[in-house]
Amino acid sequence: MNTEIIRHVREMCPLVHCITNYVTVNDVANMLLACGGSPIMADDIGEAADITSICNATVINIGTLNVRTIESMVAAGKRANELGHPVILDPVGAGASALRTETTFRLLKEVKFSVIRGNISEIKTVYAGSGSTKGVDADAADTVTEDNIGEAAAFAKELSARTGAVIAITGAIDVIADKDQAYITRNGVAAMSKITGTGCMLSAVIAAYYAANPDCPVEAVTAAIAAEGLCGEIAAKKAEEEGRGTSSLRTWLIDAMSNMDDETLAAGKKVERV
Amino acid sequence: MNTEIIRHVREMCPLVHCITNYVTVNDVANMLLACGGSPIMADDIGEAADITSICNATVINIGTLNVRTIESMVAAGKRANELGHPVILDPVGAGASALRTETTFRLLKEVKFSVIRGNISEIKTVYAGSGSTKGVDADAADTVTEDNIGEAAAFAKELSARTGAVIAITGAIDVIADKDQAYITRNGVAAMSKITGTGCMLSAVIAAYYAANPDCPVEAVTAAIAAEGLCGEIAAKKAEEEGRGTSSLRTWLIDAMSNMDDETLAAGKKVERV
Amino acid sequence: MNTEIIRHVREMCPLVHCITNYVTVNDVANMLLACGGSPIMADDIGEAADITSICNATVINIGTLNVRTIESMVAAGKRANELGHPVILDPVGAGASALRTETTFRLLKEVKFSVIRGNISEIKTVYAGSGSTKGVDADAADTVTEDNIGEAAAFAKELSARTGAVIAITGAIDVIADKDQAYITRNGVAAMSKITGTGCMLSAVIAAYYAANPDCPVEAVTAAIAAEGLCGEIAAKKAEEEGRGTSSLRTWLIDAMSNMDDETLAAGKKVERV
């Protein structure tokens, strides 16, 4: 695995245009800065494509989508495609409402994504919107466990082949794949599910890592996921030692990312090719 | 008082749909997770009712209302009523602008609330919109003090009788009442007024506690208020000991909620039936 | 320099209406509370002017402007002008998109600002929209350094003469000027650029300081900038001592502001008249 991924991010300081939800947007901005990137949020149709043009990558996160911002997402995504910039889709809650599912399908149709990151449920919804024929892999389980890593990896590869995007299914075990190769990462701790925004932040970190490492996208995505998971481990250890709770965990998660480097990641990552 | 209220919340992990303001929404989400619930924010009219349907409770907070989200509040509230889910109203700033006051009145007319929580000024505005006849209790003082607890409790009971909602008037002394009974809580510290969102977070915690304890709504609301106040006391003590300020207080408020259990609440609550 | 600026803020507790971006709005609210003010956010055209009317100052921050909120910014600014309340413009990203630049120009035309605060790039965009003739000072450098402080101060004075606003150009060295006088401040640390919102928070603090010290606006703005910079120094020292990262820095920045007083500022400020 490329051992200079983080150094590339800190050297380039990629500017990432985020059209994201208002719940976790501040954490997304601070996490982007912590990981070595720089954020800009702009969701009005009057400037979305313009802002995309001055950035190095675009994140589309449908967490609090609305009729106004959906059009901006499409416009920003299309412009990023024209310019050859990486575009990351975070289909938050796809499957939870018709609006989210239909918007996900529309985005998949109108924008070519570089990475699609979600939990298994969201990714299965993406799969449903990615083609007309139901593939065998749509029977993927509802959780990625030790017992079904192979099936999950095959599912992710199949979806990558359909969409052209690197697929990242995150959970206790994360699966990252393009059509030819798959990795799993086992970094992270359960307590991270007790703070909001770990997924949203991760999608933004992925954008920065991808933008700064265009020659090895799957490795860049895998490194981003392992890095945030490792930050969670560092933060959780400290929270436990000091008898703290979930808000301290959030603070220290971002702290750890701001101190992360390739050496720390190499020593702490739990990554396997599968 | 029911001694297993928090255990019920942590076991059920109620999913709470929040249509809330963008100022404190992140704290609301993290506080909901910390108290044992789970948040989902969705404010587009195209999905508001759908999201309500998959949740266990709904919070309507008018803190940064706008013409687009007001319709979503009404739609979500109505759907929650159809499904029998608890609906909490947080009339932030009712009385401060005609838009907020009129929206509060409209919500009271179109949605049946389970709980209405606000400061005395907001609750008096709610009272003004709750019926055509001015009752004696509308003369309630501008602050709940040791000297007027009885009057405040009678006012809250009267408003509960009019609206069918549990009424929670929060301040230095909090008053919680349905039409038949009233409690006061004295937990909390003045420093909590120096961080934004303690009220918004509290309304969300109330939703989670209510959803998981439908058989004792007044007790559930009272427990939520006492619990957040106790968390504030724990956080403020720590902030003072370590020479910190208001942002640390916010972090530790949420930390304390993530560690709260029925035993800690029983030992620390300052609750009286009045 | 007035030695009671902060005392005035804490005594008055000015209520500040903020129409600001959703990225940093929570930090803005908490920083306002920490500095001695009180925040209210309201961006719907149906109430923007009403809310302005009950406040002591107004902040217009175009960080995530949209077609809906631009009209509210204009309405709030005009009402503040009618009432003689201070109005602060934070032209976030002016120059980065046509929408932001045009909105900045429109605001400059329709609203008389008391203070305009931005980085050198944003302020140069403001300059471009402040008159029909290009002045010599529009050649101001892209960074304020030891070598061009005089030119930067002359540029700020010229822009102040054109707009009637106190001009604050913030960066490693900050320049504050009205048409007759200029100050520089050297407080702050580079690490502050690794957290989002330091500029947005500063604009809100400026509003509170200005509102409570109407007799010495340039000094009030200078004190606000020095105070936040000093808070950054205090926070960064602590973060380094404890081996923390950027999110702890953010927490302690706000903590430090909540503990700031005139004596601490007098001892730590690095202010010069130039």
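Values below: every heavy atom of this structure, side chains too, minus hydrogens, waters and symmetry copies. Numbered from 1 within each chain, the chains take letters A, B, ... in sequence-line order.
- Among all heavy-atom pairs drawn from Arg250(A) and Asp27(B), the shortest one is NH2-OD1, 4.4 Å.
- Annotation: Glu11(B), atom CD; neighbour count of heavy atoms from other residues, nucleotides and ligands within 6.0 Å is above 12.
- With chain A as partner, the option from Leu253(B), Ile254(B), Ile45(B), Leu32(B) having the largest number of non-hydrogen pairs under 4.5 angstrom is Ile254(B).
- Within the 4.5 angstrom heavy-atom criterion, only backbone atoms of Thr20(B) (N, CA, C, O) approach chain A.
- Note that CE of Met31(B) and OG of Ser247(A) are 9.0 Å apart. Values are rounded to the nearest 0.5 Å.
- Between Ala29(B) and Val23(A) the shortest heavy-atom distance is CB-CG1, 3.9 Å.
- Heavy atoms from other residues, nucleotides or ligands lying under 6.0 Å from CD of Glu110(A) number more than 12.
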Q | Trace of the side-chain hydrogen bond (donor to acceptor under 3.5 Å, both in side chains) decision for Ser248(A) with Asp255(B) | A | CA-CA 7 Å; Ser248(A) 291; Asp255(B) 274 8; 2.4 Å; yes
(Q) I'd like to know whether Tyr22(A) forms a side-chain hydrogen bond (donor to acceptor under 3.5 Å, both in side chains) with Asp43(B), so could you lay out the CA-CA distance, the side-chain angles of the two residues, the decisive distance to 0.1 Å, and finally the verdict. (A) CA-CA 11 Å; Tyr22(A) 58 82; Asp43(B) 67 19; 2.7 Å; yes
Q) Please walk me through it: do Arg244(A) and Thr251(B) pass side-chain contact (heavy atoms from CB on, under 4.5 Å)? A) CA-CA 10 Å; Arg244(A) 297 290 183 77; Thr251(B) 299; 5.8 Å; no
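- Both the backbone and the side chain of Asn26(B) have a heavy atom closer than 4.5 Å to some heavy atom of chain A.
- Across Thr101(A), Thr103(A), Leu65(A), a single residue satisfies side-chain contact (heavy atoms from CB on, under 4.5 Å) together with Glu47(B), and that is Leu65(A).
- Here SG of Cys35(B) is found 9.5 Å from NZ of Lys194(A). Values are rounded to the nearest 0.5 Å.
- Screening Leu249(A), Ile195(A), Thr246(A) against Ser258(B) for a side-chain contact (heavy atoms from CB on, under 4.5 Å) leaves a single residue, Thr246(A).
- Atom OG of residue Ser97(A) and atom CG of residue Asp50(B) lie 6.0 Å apart, to the nearest 0.5 angstrom.
- Side-chain atoms of Asp44(B) come within 3.5 Å of backbone atoms of Val67(A) as a donor-acceptor pair (strictly under, hydrogens ignored).
- The distance from the CG atom of Asn66(A) to the CZ atom of Arg68(B) is 4.0 Å, given to the nearest 0.5 Å.
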